[in-house]
Undergrad: 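Could you have a look at this structure, given as structure tokens, before my questions?
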Amino acid sequence: MSKKPAFTPANTVVVLDFETSGLSPNQGDRAIEIGAVLIENGVITQRFSELMDPGFRISSFIEDYTGISNQMLKNAAPCHEVMVRFADFIGEHHLVAHNATFDQRFLDAEFAQISHQYKGQFGCSLLVARRLYPLASNHQLGTLVRYKQLPNNGTFHRALADAEMTSHLWLAMLADLQRDFAITSPPFSLMQKITKKTKADVPKFLREYSSR
DNA sequence: TGCCAGGCCCTCTTTAGGGCCTT
């Protein structure tokens, strides 16, 4: 039996973003679009982007917010078909999202519909950014993209565009860990540990991590 | 009937409250 390596680099992950009909799968909300990129050794190597039909009409607020219309969803595959393909895309990779608890709730809910379980763990770019960039005016994805002058095509609130921007943010944070703390190729587990530290404790934690 | 997310994080805190972030 093959044993999974203990060290998983943080620069090889699937970065994902859901557009949804609302904020809570517990209240009946469903995913309407999934966008994701696979980053391997710090480079985007694959993209996944699909609309999905939740089986009911979405609100005008969500149509305006995302630019995804009910007409567009009428022509899309149902959620369960898309999620089967997405399960294949993420494989056993670790996962990253901006405010990951939100995307994790929807991923769990949609995968439950197809009785699929995934092995990867979640990392949260929002929680890391709050600790690495305390001087940013806020930690919304769009604000951080401008703050770090990250690549973007001007599209926001669409799944693939947001996933790509989140991936650039993630890579920028890895680069800053290397620049500021000489931490080369941080493991995914380090990024998770950062989010468990208080903002005040993070610099000392990283200096000690770097010097060990 | 009326209401309706949930986790993180700071502070006027921990027997709590409220802003942030995601759609």
Side-chain angles (χ1 to χ4, degrees), chain A residues 13-37 48-73 76 79 82-83 86 90 95-113 121-148 150 152 155-170 172-173 190-205:
Chain A
V13 295
V14 167
V15 184
L16 65 95
D17 182 73
F18 277 110
E19 303 306 315
T20 68
S21 67
L23 291 172
S24 174
N26 287 340
Q27 300 291 323
D29 291 316
R30 297 293 299 270
I32 59 173
E33 187 180 45
I34 177 68
V37 299
F48 186 100
S49 177
E50 284 204 51
L51 291 168
M52 53 190 124
D53 180 4
F56 54 82
R57 290 184 62 81
I58 60 172
S59 68
S60 57
F61 171 81
I62 295 296
E63 284 188 312
D64 292 342
Y65 186 82
T66 63
I68 298 169
S69 67
N70 280 289
Q71 183 63 41
M72 291 161 70
L73 295 177
C79 293
V82 175
M83 294 311 296
F86 188 59
I90 67 176
L95 307 167
V96 169
H98 199 66
N99 198 16
T101 57
F102 175 85
D103 292 279
Q104 184 171 10
R105 277 200 301 276
F106 278 94
L107 186 70
D108 290 349
E110 294 298 341
F111 274 170
Q113 296 278 334
Q121 298 173 21
F122 264 92
C124 179
S125 57
L126 167 66
L127 295 183
V128 178
R130 276 180 176 159
R131 287 156 177 79
L132 295 191
Y133 307 135
L135 298 182
S137 59
N138 63 58
H139 298 84
Q140 296 171 16
L141 180 59
T143 300
L144 291 166
V145 166
R146 288 186 290 275
Y147 182 74
K148 294 298 294 179
L150 301 174
N152 71 90
T155 301
F156 292 87
H157 306 307
R158 287 301 297 268
L160 181 59
D162 284 4
E164 291 212 30
M165 288 186 288
T166 301
S167 73
H168 290 304
L169 171 61
W170 188 254
M173 293 192 293
L190 174 65
M191 304 303 277
Q192 290 179 310
K193 282 177 189 165
I194 288 173
T195 66
K196 304 296 181 194
K197 302 289 176 186
T198 66
K199 201 184 293 183
D201 287 342
V202 163
K204 179 168 178 278
F205 168 71

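Per chain, numbering begins at 1; letters A, B, ... match sequence-line order.
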Undergrad: Starting the side chain at C-beta, find the nucleotide from dC9(B), dC10(B), dA5(B) nearest to Ser24(A).
TA: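 Out of dC9(B), dC10(B), dA5(B), the nucleotide with an atom closest to Ser24(A)'s side chain is dA5(B).
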Undergrad: Pick the P atom in dC10(B) and in dT23(B), then give their distance to the nearest Å.
TA: 22 Å
Undergrad: What interatomic distance, in whole Å, is found between C1' of dT13(B) and the corresponding atom of dA5(B)?
TA: 24 Å
Undergrad: Which residues pass the ring pair (Phe, Tyr, Trp, His ring centres under 6.0 Å) test with Phe122(A), sequence neighbours left out?
TA: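 Phe122(A) satisfies ring pair (Phe, Tyr, Trp, His ring centres under 6.0 Å) with no residue once adjacent residues are dropped.
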Undergrad: What is the distance, rounded to the nearest whole Å, between atom CD1 of Ile194(A) and atom P of dC8(B)?
TA: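 After rounding, the gap between these two atoms is 17 Å.
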Undergrad: With sequence neighbours excluded, what pairs up with Glu63(A) under the salt bridge (charged side-chain N to carboxylate O under 4.0 Å, His left out) test?
TA: none
Undergrad: P atom, dC4(B) versus dG18(B): distance in rounded Å?
TA: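 About 14 Å, rounded to a whole number of Å.
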Undergrad: What's the CZ-C1' distance between Phe106(A) and dG7(B), to the nearest Å?
TA: 14 Å
Undergrad: Tell me every residue that passes ring pair (Phe, Tyr, Trp, His ring centres under 6.0 Å) with His157(A), counting only those two or more places apart in sequence or in another chain.
TA: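 Scan of His157(A) (ring pair (Phe, Tyr, Trp, His ring centres under 6.0 Å), adjacent residues dropped) gives Tyr65(A).
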Undergrad: Taking protein heavy atoms under 4.0 Å as touching, what does nucleotides 16-23 of chain B look like 5' to 3' if B marks base contact, S marks sugar-phosphate-only contact and - marks none?
TA: ----BBBB
Undergrad: Which pairs, with at least one residue in residues 98-111 of chain A and sequence neighbours excluded, count as a salt bridge (charged side-chain N to carboxylate O under 4.0 Å, His left out)?
TA: Arg30(A)-Glu110(A)
Undergrad: Measure up the Phe18(A) and Phe86(A) rings against each other and bin them: parallel (under 30°), tilted (30 to 60°), perpendicular (over 60°).
TA: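 Geometry flag for Phe86(A) against Phe18(A): perpendicular rings.
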Undergrad: Strictly by salt bridge (charged side-chain N to carboxylate O under 4.0 Å, His left out), give each pair with a member in residues 48-57 of chain A just once, sequence neighbours left out.
TA: Glu50(A)-Arg85(A)
Undergrad: Between dG17(B) and dC12(B), how far apart are the two C1' atoms, rounded to whole Å?
TA: 10 Å
Undergrad: Give me the distance, rounded to whole Å, that separates dT22(B) from dT14(B) when you measure between the P atoms they each carry.
TA: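 Taking atom P in both dT22(B) and dT14(B), they lie 29 Å apart.
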